[in-house]
Structure formats: C-alpha cells, structure tokens
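A short worksheet on the structure shown next.
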Amino acid sequence: MSTVRTETPAPPMDSQGFARWAWRQLTSMRVALILLFALAVASIPGSILPQRGNNPLLVDEWLAERPTLGPILDSAGFFDVYGAPWFAAVYLLLFISLIGCVLPRVGHHWRAMRGQPPAAPRNLDRMQAFTSQNVPDAPADVIARVETELRRRHWRVRSSDDWISAEKGYLRETGNLVFHLALVLILVAVAAGGLFGWRGNVIVKEGSGFSNTLTQYDAWGGGRLASADSIPPFSFTLDDFAVEFERGEAQRGAPRLFEARVALQSEPQGAVTEEVIQVNYPISIAGAKVFLVGHGYAPTFIVRDAQGEVVFDDEVVFLPQDGNFTSTGVIKVPDSTPQLGFQGIFLPTSALDDVRGPHSIFPDADDPSVFLSAWEGDLGLDSGIPQSIYTLKTDQMEQIGLRALVPGQVWEFPQGEIEFTGWQRWSSFQIAFDPGKEAALIASVLAMAGLMVSLFVRRRRVWVRTRPDDGGSTLVSIAGLSKSEAGDVSDDVRELTRIVTKEEGEGRP
Amino acid sequence: MTTGTSMGLAEASNAAIYATMVTLTIAMVLFAASFASGRRRQTSQVVAQQRAVSAGGADGSDGGVAVLDRPESSESIDPGRRLANVAMSLTWLATGLLTVALVLRGVWAGRVPWGNMYEFSISSAWGVLVVFLALSTRRDLRWLGLFVVAPALLTLGLAVTVLYTEAAQLVPALKSYWLVIHVSAAIICAGAFTVAASSAALSIVQSRREASGRQWVGPLANVPDAERLQTFTSRIIAFAFPLWTFAVIAGAIWAENAWGRYWGWDPKETWAFITWVVYAAYLHARSTAGWRGNRASWIAILGLVTFLINYFGVNIFVNSLHSYAGL
Ligand code: HEM
C-alpha cells in the first residue's frame with residue numbers, strides 16, 4: 001500500500017566513492033531483506049537433492065541415474081549445498097551486512113541511553129495520541145507532579161518550566177542489538193565446532209570391541225583444525241544389544257527399544273564400567289559423546305574348501321535395506337583356491353514372492369534365512385584399488401549357483417561348501433566431538449532473550465506542555481508517540497491525564 | 001494388547017473428534033453467513049478521518065492507532081453479528097471437545113498424543129483454535145472466525161481420512177522429554193502462524209478494496225481496515241517468532257542428544273530454518289520503507305506455506321531422519 005520508495009542513486013565513479021556507496025547499500029535494510037530471502041531460497045535445494053553429508057550412497061545412486069544432469073549439479077555443489085561456496089557467499093554477505101548495520105547502532109544507542117530525551121515539540125496536537133485538560137493548579141505544580149510521577153515509573157525525563165519530555169523502553173533497542181550480535185556469536189560457535197570438531201561412525205558386532213583411534217572407524221570426518229590429539233583414548237566392548245519391535249497390529253514392526261550394553265574403559269589402563277547407550281541417551285567421555293545410531297544383523301558363516309579345510313569362519317556385517325531389515329552383504333574368501341565370493345541377502349523373518357523376491361516381513365529374527373549367490377575366480381583384492389567390504393567385484397568371477405539356507409544348513413558345491421551357522425546383532429555408533437556446541441547454546445539463549453525483549457518492550461515518548469489560561473487555571477496538553485512498530489501509547493496518555501488531573505483509580509479521563 | 005477399556009477410550013476419542021468436526025462445520029457455516037451478511041456501519045468518511053489522525057506520527061514512524069476493536073455502534077441488533085456470536089460459542093464448544101479427544105487419545109496411548117502425523121494434525125488444529133480463542137478474549141475477532149475455523153476443519157478432515165493411525169507406543173527416537181517441549185511449542189506456532197496468515201490474506205484483500213476507493217457493502221464490511229489487519233498480523237508474528245525460535249533451539253538440543261549433532265541440515269531442520277528466516281524477513285519488512293504493507297503480508301503467507309511444506313511435504317515425500325512420525 002505504501003508507495004514510498006527510496007530511489008537508489010547511481011553509484012559514484014571514483015573508487016572511494018563507489019566503496020562507500022556499496023557499503024551503504026550492503027548495510028541497508030532493503031538489502032538485508034533481500035539477503036534473508038536469498039538465504040531461504042539457497043537452503044531449498046539441499047532439502048530436495050540427497051546430500052553427501054547425510055546420505056552419500058543416495059547421492060551416488062542419483063548421479064548414476066542421471067549421467068548428464070548429475071555431474072553439472074555436482075560440480076556446482078548441489079550435493080553439498082551447505083558447504084558450497086555460493087551458499088557461504090549468501091550467509092557471509094548477510095552477516096557482513098548485519099555487522100555493518102548493527103555496530104553503528106550500538107554506538108548510537110549508547111549515546112542515546114546516556115543522553116536526554118529531545119525537547120518537547122511546539123505543537124503536540126499532531127501526535128499519535130493527544131488530549132488537553134484544564135486544571136486549577138499552577139503550571140509549575142503540574143510540571144513538578146508529572147515529573148515526580150514519571151520518574152517513579154522509571155521514565156527518562158527532561159523538563160523545563162513549561163514542558164516535560166519523557167521516554168521509556170530503551171531496552172527494546174538493547175534487546176535488538178543483543179539479538180543481532182548473538183546471531184554473529186552463533187555463527188562463530190558453529191564455525192569453531194566445524195573447524196575443531198570431528199565425528200566418526202563405527203559398526204561394532206556383539207562381543208566385539210572398539211578402541212577410539214582413527215584407524216578403527218569405518219568413517220571419520222574432522223574439521224580442518226581437528227587433530228587426533230583431541231580423540232580421547234577410550235575403548236569399549238559391546239556386550240549385548242537388546243532390541244524390541246512392536247508386535248501388535250498398530251504400527252507392527254515399529255521399533256520399541258534399542259539398548260546397547262557396553263563395558264567401557266575410559267583410559268587404556270583404567271577401570272572397566274558397565275554403561276547403557278540408548279537412542280536419545282548418549283554417554284559422554286572426556287568431551288566426546290557416544291551415540292547409538294543404528295543396528296543390524298551379522299549372519300555367521302563357515303566356508304570349507306574342496307579338501308574340507310576351514311578357509312573362513314566369521315560373522316559378516318549385513319546392511320539393512322528396509323524397515324523390516326532385509327539386509328545385504330558380501331562374503332569374501334581370498335584364502336581358498338580358486339577364490340570364492342558370496343553375495344547374500346539376510347532375512348530376519350523370511351518371505352518370498354514373485355514381485356519382490358526374497359524379503360523380510362518383520363524386523364526381528366523370527367524365521368531367519370539367507371539367500372546366497374556363490375562366485376569363483378579372482379576377487380580383485382590384489383589390484384591395489386581399495387574395495388568396499390559391502391560389494392563383490394564379479395567381473396573376473398564366474399557364478400557357481402544360487403541357494404537359500406536356514407541356520408545350520410550346509411550348501412555343498414564342487415569348489416567346497418558353506419555353512420550358515422547363525423546370526424548376531426551389530427550396532428552402529430556415532431562418536432562426536434564438537435567444542436563449539438556449548439557456546440552455540442549460550443548464544444542461542446542470548447539471542448532468544450534479546451529477541452523477546454526487543455519484541456515485547458515498547459519504546460515510546462510522552463510530552464506535557466502547560467500554558468496559563470485566562471481564568472487563572474492551566475491548559476495542559478498531553479501527547480504520546482510510539483517509537484516502535486505497531487505500538488500504542490493511548491494507555492500512557494490516559495495515565496498521564498490521570499496524573500495531571502489528580503484523578504484516582506482506573507476512571508477514564 | 002489393547003484391553004476392553006482402552007478400546008473404549010480410543011473409540012471415545014474418535015467420537016469426540018467427529019463431534020468436534022460437526023460442531024466446527026456448523027460454526028463455519030454460521031461464520032460464513034455472518035461474513036456474507038456484513039454491512040458497513042462506518043461510513044468511509046469516518047475511516048478516512050481516523051486515517052488522517054493516525055498518520056500524523058512524527059519521526060516518520062508509524063502512528064497507527066493499534067486498537068483493533070471496531071467502534072461499537074448499533075451492532076448488537078445486526079443479524080450477522082448474532083450469527084457470529086453463536087458461531088463463537090460453537091467454536092469454544094468444539095475446542096473443548098477436541099481437548100477431550102486429545103486427552104483421551106493420550107490416556108489410551110499412555111503418553112503425550114504426539115506420536116504420529118495423525119496426532120500432530122489434530123493437535124495443530126487444536127493449536128489454531130486455541131490461539132484464536134485466546135486472542136478473542138481480548139479483542140473482537142468475530143470477523144476472523146471463518147478463516148480460522150475453515151483451516152482447522154480442513155486439518156481435522158485430512159487427519160481422520162488420510163492420516164488416521166491406531167495409537168501405539170513411541171519409537172525410541174521419540175522417547176524424550178524434548179518431544180513434549182519441542183512439539184508443544186511447534187503446535188502453538190502452527191496455530192499462531194495460521195491465524196497470522198489468515199489476517200494477512202484478509203489485509204491484502206481489504207487494501208485492494210480500499211485502494212479501489214469503492215464503498216463496500218457485503219462481505220468484508222465487518223472486517224477491520226487493512227492497516228489494522230496488518231498491525232494485528234504483526235503482533236501475532238511478534239509473539240510466534242520467539243516461540244518458533246525456541247522450538248528450533250529445543251529441536252537442536254534434542255537432535256544433539258539423539259544423533260550427536262545439533263544441526264545437520266536434515267530436510268526437516270532445513271525447512272524449520274527456512275520458516276524462521278522467512279518470518280525474520282517479515283519482521284524486517286515491517287520496518288523497511290515500501291515493504292510494510294501488502295508485501296509484508298505476502299511474506300506472512302509465505303511463512304505459513306514454508307511451515308506447511310515442512311509438515312506435509314517433508315514428512316510424506318522426503319527421506320528424512322524425521323520420517324519416523326508414522327503416517
Ligand atoms: C542473520 C540475519 C538477520 C536476522 C535473522 C535478523 C532478524 C531480525 C529480527 C527477527 C528482527 C525483529 C526483532 C526486533 O525488532 O528486534 C530484526 C530487527 C531488525 N533488524 Fe535484523 N536480522 C538480520 C540481519 C539484519 C541486518 C543485516 C540488518 C541491517 C541491515 C538488520 C537490521 C535490523 C533492524 C534495524 C531491526 C529493527 C527493526 C525495528 O526496530 O522494528 N538485521 N532483525
């Protein structure tokens with residue numbers, strides 16, 4: 001509705017003038033508004049496209065399906081939006097704008113708080129709220145009375161013989177400044193956490209152990225300034241992993257309990273304590289936190305070669321593919337001749353249909369089985385290229401056959417045999433160290449407090465002017481003006497009127 | 001699992017939901033009738049005078065007198081007003097029924113009734129109604145009734161038809177007192193954002209009408225003028241924005257406890273952030289020349305849209321850590 005539009009003057013041509021012009025633009029409210037929108041829009045692609053930080057496998061899948069579009073988006077950082085240079089550019093500009101906008105206001109506000117309210121204007125009747133009263137008292141008495149009462153109510157008062165100017169609600173601006181500066185603090189804390197922090201993921205099978213060194217992690221990522229020294233040297237053994245699923249009709253199969261019991265050793269020679277790690281209930285060790293983030297099955301197999309020698313005897317981590325824990329995994333047997341490899345599907349509660357093939361219908365291991373595809377040939381482990389333990393390279397192998405097994409069953413083939421002996425559970429842990437998080441929390445609380453003060457405190461001015469009337473009485477003009485957006489001063493003016501007329505109680509003037 | 005009495009509780013809860021919907025439907029029809037029968041009591045001249053008085057602020061700051069009550073004239077005999085009064089009472093009744101439904105559902109499940117999308121939805125509808133009624137105790141909001149009851153009813157309708165789920169226990173990821181803190185704040189925000197968007201939309205219509213200079217008899221006649229609507233919108237958002245900030249912080253603390261990082265740009269978190277930024281932009285727009293009026297109102301509507309995208313879009317279509325909410 002408003003047609004006020006600040007015309008942007010053309011930028012001056014000399015470099016100093018141009019810099020000043022650009023700075024003034026950058027720190028204007030309008031540009032801040034545009035940058036806020038830019039930030040909102042820039043955040044969107046990361047919520048639609050899979051992101052490397054959250055789901056690298058999905059990113060690879062996405063890229064494989066779109067050979068032309070994929071690489072273009074990838075090179076523009078669309079699979080790591082929140083680390084992309086263009087995203088950083090938006091928020092850094094916004095924060096530069098913020099600092100450039102807020103710092104001068106800190107100085108301004110500082111002076112305003114120590115100074116006095118401006119003198120009362122000559123004409124009060126054009127103010128937002130205005131009233132005038134005729135009172136029998138002398139002007140000096142009215143002024144004195146109003147001044148005392150306003151000071152008692154914590155107004156900042158400036159007075160002369162025939163007027164009073166008072167202001168209240170400076171806290172609003174203080175709150176606003178605290179809020180904006182706290183936002184900068186949050187950014188700094190997040191950045192510090194990103195630079196010095198680290199996070200690792202590890203899968204631990206029941207009965208196995210983990211000790212906190214870099215090499216033991218399945219995945220580890222740290223900030224540029226994270227050092228291995230900040231990794232506390234603890235270790236733990238996963239004694240037991242308890243899990244329960246809903247068996248009733250409603251939400252059948254939904255998880256009800258995950259609980260990892262671990263024997264924890266905080267230091268290499270320290271005492272062993274029993275700890276329980278649950279979802280939502282991590283444990284803390286020396287600044288790092290250990291979280292339970294997932295679990296799955298590790299079926300156990302024994303493989304014998306044609307001579308009957310045991311060439312493999314281990315539990316193998318299978319990765320869940322759906323909510324019912326249909327899990328896939330790979331067994332590699334490099335020690336037999338020829339080398340053997342198996343691709344497997346583990347079903348905790350087996351079902352088979354034409355459409356979906358073998359799949360699980362319940363997440364708990366009520367009726368487990370594995371479907372195996374056996375291969376012989378060269379596993380390709382000597383090529384020097386690191387291989388994933390979850391995929392089998394079959395380009396130099398030949399398929400032997402397919403078979404379904406239940407626990408205890410043996411599948412014999414010309415090159416040997418494989419026995420499916422049973423299963424175990426594994427759980428995955430995330431171990432995280434973020435030195436910035438306390439500061440981020442404090443800054444957030446500060447931001448919220450500042451925000452609330454700045455939104456709920458009303459800043460307003462009131463004035464009183466006296467003029468002797470002909471009949472010996474005094475004509476008092478009373479006015480108020482809200483300095484905050486959508487503010488209302490009629491209550492203050494009413495209150496002042498009561499003071500001026502010495503009226504008691506809540507009676508309306 | 002479920003015993004006889006608990007089955008009774010579930011049925012009672014569902015019955016209370018249907019009773020709520022019936023009551024709300026009648027309230028909506030009455031609000032609509034009252035809305036359509038509105039007649040302008042003020043002449044446009046009076047409005048123009050009020051404008052002139054309120055526009056006189058010094059310092060270039062806004063001087064809108066922000067009292068939203070319309071002057072009481074001979075309105076009590078207006079039949080449209082009487083319909084709206086009945087509709088208000090029915091809205092109170094419906095909100096009471098919905099409260100009962102939520103409590104029964106919670107007792108049945110043995111936990112807070114915020115375990116899946118069905119429950120979130122009926123809670124959000126409750127939030128919309130509660131925010132509206134709470135505000136209506138302080139000012140006359142009969143003109144807004146239609147635009148609050150309709151979205152609440154729509155949400156309930158979606159909940160019982162598409163999203164219905166039997167009550168069950170919580171998945172472990174939701175077993176945390178942060179659930180209570182985080183979700184209750186979000187539900188009140190849902191209510192406040194909805195009310196704000198409704199009044200923002202009305203303010204846009206109203207300001208178009210005012211700009212056209214046409215005298216209006218009919219719908220909108222009982223609605224406050226655009227500037228008051230804008231003030232009303234901004235006050236609600238001034239209340240809801242800190243609460244949303246709190247909800248996001250609480251969510252971050254919870255995420256830190258559950259997943260080991262307080263912020264991971266999961267789609268749900270990303271959209272919570274987008275909503276936050278849009279409302280921050282709204283508050284900025286309200287103090288930026290040329291943006292205070294309709295543009296700010298559009299931003300308030302956009303804010304609700306991002307909130308809804310987060311709720312429906314992310315829960316249903318996106319693979320997110322938060323997708324455990326159970327459809
Ligand atoms: C991270 C970016 C920013 C966010 C999230 C943000 C958020 C907010 C919010 C929520 C308010 C309303 C609360 C209040 O009135 O105190 C506000 C007010 C304000 N912001 Fe920002 N802001 C940001 C950046 C900036 C920048 C870059 C500027 C300067 C160009 C700025 C200048 C102001 C001013 C002057 C107000 C006071 C308006 C008034 O008194 O009504 N802000 N900001």
Side-chain angles (χ1 to χ4, degrees), chain A residues 1-2 4-6 29-30 32-33 36-37 39-40 43-44 46-48 51 53-55 58 82 121 126-129 190 199 246 248-251 254-258 278-282 289 291 293 430 432 434 437 440-441 444-445 447-448 451-452 455 481-483 485-488 490, chain B residues 1 54 56-59 61-67 165-169 171-173 175-176 207 211 226 231 234-235 238 241-242 245-246 249 253 256-267 270-271 273-274 277-278 280-281 284-294 314 318 326:
Chain A
M1 47 149 256
S2 168
V4 186
R5 187 156 306 169
T6 39
M29 274 302 254
R30 210 155 40 90
L33 196 54
L36 278 169
F37 277 119
L39 183 62
S43 310
I44 295 176
S47 75
I48 296 167
Q51 297 293 295
N54 291 339
N55 206 335
L58 212 59
Y82 310 103
R126 289 181 46 231
M127 290 302 166
Q128 183 181 358
V190 170
R199 181 177 330 171
E246 176 69 54
E249 272 310 302
Q251 295 190 4
R256 292 294 168 238
L257 170 85
F258 305 139
Q278 286 175 298
V279 177
N280 280 326
Y281 298 95
K289 273 183 161 181
F291 299 84
V293 288
Q430 169 147 288
D434 182 346
K437 64 174 189 270
L441 180 62
S444 311
V445 171
M448 252 204 57
L451 181 66
M452 285 176 33
L455 287 174
L481 173 68
S482 168
K483 301 258 302 169
E485 200 271 321
D488 179 14
S490 42
Chain B
M1 264 210 36
S54 66
D59 291 15
S61 75
D62 166 52
V65 177
V67 191
T165 336
E166 297 286 325
Q169 291 178 35
V171 297
K175 275 184 195 155
S176 164
S207 98
T231 305
S234 85
R235 287 208 175 159
F241 183 74
T245 310
F246 172 76
I249 294 173
I253 296 174
E256 204 274 332
N257 266 305
W259 302 313
R261 85 288 184 294
Y262 57 88
W263 198 266
W265 294 108
D266 177 83
T270 303
W271 279 95
F273 174 75
I274 291 172
V277 170
V278 170
H284 271 211
R286 287 289 290 170
S287 7
T288 306
W291 282 79
R292 312 197 50 242
N294 281 348
V314 175
V318 181

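Keep in mind that the numbers below use all heavy atoms, side chains included, and drop hydrogens, waters and symmetry copies. Per chain, numbering begins at 1; letters A, B, ... match sequence-line order. Remember, it's a predicted structure, so these values are computed and weren't measured experimentally.
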Which atoms of K437(A) are under 4.5 Å from chain B, going by heavy atoms: the side chain, the backbone, both sets, or neither? both
Of the listed residues (P121(A), A40(A), A32(A), A447(A)), which shares the most heavy-atom pairs with chain B below a 4.5 Å separation? A40(A)
Mind checking whether L441(A) and Y262(B) have side chains closer than 4.5 Å, heavy atoms only? no
Contacting region of F246(B) [heavy-atom separation from chain A under 4.5 Å]: both
Contacting moiety of I44(A), where chain B heavy atoms sit under 4.5 Å: both
Quick one: closest heavy-atom pair of L455(A) and A238(B), and the distance? CD1-O, 3.4 Å
Nearest 0.5 Å, what's the CG-CD distance between D434(A) and E256(B)? 7.5 Å
For a side-chain contact (heavy atoms from CB on, under 4.5 Å) check, start with the C-alpha distance between N257(B) and F291(A), then their side-chain angles and the critical distance, and finish with the verdict. CA-CA 8 Å; N257(B) 266 305; F291(A) 299 84; 5.5 Å; no
Highest number of heavy-atom pairs under 4.5 Å with chain A among T270(B), V278(B), I253(B) belongs to T270(B)
Top residue by heavy-atom pair count (under 4.5 Å) with chain B, among Q278(A), R199(A), Q51(A)? R199(A)
Which heavy atom of A285(B) sits nearest a heavy atom of L33(A), and at what distance? N-CD1, 3.8 Å
W263(B) versus chain A, heavy atoms under 4.5 Å apart: side chain, backbone, both or neither? neither
Among residues at least two apart in sequence or on other chains, which ones pass ring pair (Phe, Tyr, Trp, His ring centres under 6.0 Å) with F241(B)? W276(B)
Highest number of heavy-atom pairs under 4.5 Å with chain B among A440(A), A129(A), P282(A), A432(A) belongs to P282(A)
Does the side-chain contact (heavy atoms from CB on, under 4.5 Å) test come out yes or no for F273(B) and L39(A), once each step is laid out? CA-CA 10 Å; F273(B) 174 75; L39(A) 183 62; 3.6 Å; yes
Give, for atom CH2 of W265(B) and atom OG of S47(A), the distance between the pair rounded to the nearest 0.5 Å. 10.5 Å
Could you give me the CA-CA distance, side-chain angles and deciding distance for W291(B) and M29(A), then say whether side-chain contact (heavy atoms from CB on, under 4.5 Å) is met? CA-CA 10 Å; W291(B) 282 79; M29(A) 274 302 254; over 6 Å; no
Apply side chain to side chain contact (heavy atoms under 4.5 Å, CB included) to M452(A) and list each qualifying residue two or more places apart in sequence or on a separate chain. M448(A), F456(A), P242(B)
For side-chain contact (heavy atoms from CB on, under 4.5 Å), just list the numbers for L36(A) and H284(B), CA-CA rounded to whole Å, side-chain angles, deciding distance to a tenth of an Å, and then say yes or no. CA-CA 9 Å; L36(A) 278 169; H284(B) 271 211; 3.8 Å; yes
